[in-house]
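What follows is one structure encoded as structure tokens, with my remarks underneath.
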Amino acid sequence: MAGVVGSRVRAAITRSQRITGLEPGVITELVAEIGSLRHERHQAGLASRPRRRPAGAGAKHKLVFVDRLLATLVRLRHGATHDVLACWFGVDRSTITRAPSATTRTGPARAATRSAGCSRTSPAT
């Protein structure tokens with residue numbers, strides 16, 4: 001399943017730094033880095049327990065990983081409601097509600113790989 005959002009819409013969202021707050025190159029790096037981490041964790045979770053259903057059974061994701069990442073970025077940047085994002089991405093509100101949790105679970109791992117010289121603290125006032 002390719003996802004609900006068309007490739008033109010996804011490209012327009014990705015290209016517009018005003019919408020996501022990030023340059024397209026940074027989004028590409030995030031997708032490559034976080035996507036592979038997320039896939040590895042998912043596969044490890046599947047291998048760690050016995051299957052209860054046959055392969056392919058269960059709910060299908062309506063949004064692919066890139067779309068969930070874009071929805072999360074727009075939500076964090078603009079504070080848009082889940083209803084607005086659901087309308088924009090063409091999915092149900094509950095799908096958007098699950099999107100940030102699916103992409104931000106890999107955040108601490110990304111932060112741990114940051115170099116020691118890079119500080120994220122705010123300057124003292």
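Numbering starts at 1 and runs along the sequence shown. What you see below is based on every heavy atom in this structure, not just the backbone, and it leaves out hydrogens, waters and symmetry mates. Note that the coordinates shown come from a computational prediction; the quantities given were computed from them, not determined experimentally.
With rounding to the nearest 0.5 angstrom, the CG atom of Leu70 is 10.0 Å from the CG atom of Leu30. Atoms CG and OG1, on Leu85 and Thr97 in that order, are 9.5 Å from each other to the nearest 0.5 Å. Between atom CD of residue Glu23 and atom OG1 of residue Thr28 there is a gap of 10.5 Å, rounded to the nearest 0.5 Å. Atoms CZ and CD1, from Arg68 and Ile34 in turn, are 12.0 Å apart once rounded to the nearest 0.5 Å. The distance from atom CD1 of Ile27 to atom CZ of Arg15, rounded to the nearest 0.5 Å, is 11.5 Å. Going from atom CD of Gln43 over to atom CZ of Arg38 covers 10.0 Å, rounded to the nearest 0.5 Å.
If you chain together hydrophobic residues whose side chains sit under 4.5 Å apart, Val84 and Leu73 never meet in one group.
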* **CA sep, side-chain torsions, deciding dist, call: Thr95, Phe89, side chain to side chain contact (heavy atoms under 4.5 Å, CB included)** => CA-CA 10 Å; Thr95 302; Phe89 282 89; over 6 Å; no
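Looking at residues two or more places apart in sequence or on another chain, you find no side-chain contact (heavy atoms from CB on, under 4.5 Å) involving Arg77. Every side chain to side chain donor-acceptor pair (under 3.5 Å) that Ser94 has, sequence neighbours left out, goes to Asp92.
Of all the heavy atoms in Ile96 and Ala71, the pair that sits closest is CD1-CB, 4.2 Å.
Sorted by first then second residue, the salt bridge (Lys or Arg N to Asp or Glu O under 4.0 Å) pairs that include residues 78-88, not counting sequence neighbours, are Asp83-Arg93.
By the neighbour-count criterion of 12 heavy atoms within 6.0 Å, atom NE2 of His39 is sparsely surrounded, having that number or fewer from other residues, nucleotides or ligands.
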